[in-house]
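Here's the structure we're looking at; comments come further down.
Values in this document were obtained by computation on a predicted structure and should not be read as measured data. Both ligands and their constituent atoms are indexed starting at 1 by order of listing.
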Amino acid sequence: MSYRKILKELRKTFPQPVSDKIHDSYFVHSIMSALNQVDDLKTRLPFLGDIVPADFDVAKTTELPECMSTVEEVTTELVGYLRGMTIFGHPRTQQNVIGPTTIPSLIGVLLASLHNPNMGWDEYSRLVAYAEVETVGITSQLVGYNPEHSGGVFTFGGTGTTLYGVKIGLEKACPETIKKGTPEDVVVFVSDTAHYCATNITGWLGIGTDNLITIPTTVENEIDLGKLEESIREVLKDGKKIAAIIATMGTTDAFGLDDLRQIVAMRDTFVEEFELDYKPHIHADAVIGWAWSVFKDYDFEENPLEFRPRTIRALAGACRRIQHLQLADSIGIDFHKTGFTPYISSLILVKNQGDLDMLKRSPEQMPYLYHYGQYRPGMYTLETSRSGTGPLAALANLRLFGQEGLRAILGHIVEMTQLLREHLGGHEGTTVLNSANYGTVTLFRAYPIGVDTFEIKKQEFEDASYRESLLVHNEYNRDVFQYVNTEAMEGRGVFISTTDCYRHTTYGEPIVALKSYILSPFVDEGDVKQVVEKVLEAREKIGEIVNTDENE
Ligand SMILES: *Cc1c(COP(=O)(O)O)cnc(C)c1O
């Protein structure tokens, strides 16, 4: 067959470069057909279709087909890959910090993908670049940065935002490392409940994971300020440099919030005391916590949105720390976590645009780019090609929600979380572990019937003579998790998750916990009650199994 015949077919598979209404409706129809097929996979259960086991070795043997397929065929095949996917917006999904996505943010992704702006340069992205700058402006003001001085770019995830923060700090502490390489005597500080991306980043930046200093946390999952101070002093006395102090503003597992204000004050005192010729960079990993900024000037007394008193307390509790975000030198923000956009939509914000400029390459290294135009982030971004999907999705949701919408949606999921805790607290068999953390994640433990939960929690966490008991109950909680999720698979109850190590005990053993992460606006009181009911039911069932074992 002449290639020309194939080409004719091929051209129909692209959106048309010149207006063609008939073809447009074919395009829309194709999308609609995909959506209809996805809809057919929906049942009452919190996942699409059936959970099908996959043989990844077989996947490896897949080959390129010889001939073309049609748009319809490919669509149906692609939809098939969604089988078994968790529906993260389902009211009975409370698994992790993965949120459902709004229609405008999906349209943002579609539009950016449709015309493929490359965000390196406004020459290739025009007003989509403008949208990125608008988003930087909105977010700067939200967290309290002065937009006249601040700057920011979207990057490849929350991990990317921390990478930027540490890289900037490294360049400040050890000028010209971009040119000369990383010296050995430089460290990064982070808490022991922070995200593991800090390990990746120190590894990949050549700082070395041995130079990542992990500071213990208090029982509130906040960095221990006394220990941080001790450790910084030691490092400075040894003549080492500090590339960055990472303050976690919302830990992944427990929503612990570091005391950023104190960390900044401590940094400033050390700069004076040791007469440092640089200011150790403070990066706020607020990829989860940033969204709470909308409550900074909420009138908690008047409470116009009519949240319950417990919710008010939780929102104010988080705000107490989040309101100081503007003290950080840089901030990481994930719209794909608490901003309800699709992956990837992550923004690194810097208080001073000059910090990003430090990462610039010289124009001679990029001879074919950036001759004109007003917006050229490609001169300092790690990425070369950079997608417009993140900025358009983020801007879509910021516009859609406004302050009011973000308050309502966050307030609701915090309210549901507080309700869950209230119910968990109302039973002798269950106990909440992170009750001092006011996010939407709840870590809790269940204990067998007959165990005094008031005493045991403290004993197991602080007294090494309870090691056996802790380990037995770690296993017990794994069993409870299995039971609850097996039931959820059958359409009874709610999907939750578990963590192998909520924290370590004072004597170094990991504490296993059950975990509910509420991120769906569809969750309501009934769904929350079901979690508790299922856990209590598991207690009865597991209790029975243990008893019959003993009888035999
Ligand atoms: C999720 C998370 C990260 C990593 O972000 P990605 O977007 O998954 O790369 C970093 N820090 C914290 C606190 C997180 O919760």
Handout entry: Mutual orientation of the aromatic rings belonging to Trp292 and Phe255 [parallel < 30°, tilted 30-60°, perpendicular > 60°]
Key = tilted
Compile the donor-acceptor pairs under 3.5 Å between side chains in residues 197-206 and protein atoms, sequence neighbours left out, one pair per line.
| residue | atom | partner | partner atom | Å |
| --- | --- | --- | --- | --- |
| Thr199 | OG1 | Tyr196 | O | 3.4 |
| Thr202 | OG1 | Ala198 | O | 2.9 |
| Thr202 | OG1 | Thr199 | O | 3.1 |

Handout entry: Distance-only polar pair, side chains of Asn221 and Thr193, donor-acceptor under 3.5 Å
Key = no
Exercise for the section: Could you tell me whether a side-chain N or O of Thr506 sits under 3.5 Å from a main-chain N or O of Phe461, the two making a donor and an acceptor? Expected result: yes
Handout entry: Partner residues of Val235 under the side chain to side chain contact (heavy atoms under 4.5 Å, CB included) criterion, sequence neighbours left out
Key = Val187, Phe189, Ile213, Lys240, Ile242
Handout entry: Residues that Ile413 engages under side chain to side chain contact (heavy atoms under 4.5 Å, CB included), provided they are two or more places apart
Key = Phe340, Leu410, Thr440, Ile518, Leu519
Completion exercise
In chain-and-number order, ligand 1 lies under 4.0 Å from a heavy atom of each of Gly157, Gly158, Thr159, His195, Cys197, Gly250, Thr252, Asp285, Val287, Ile288, Asp334, His336, Lys337
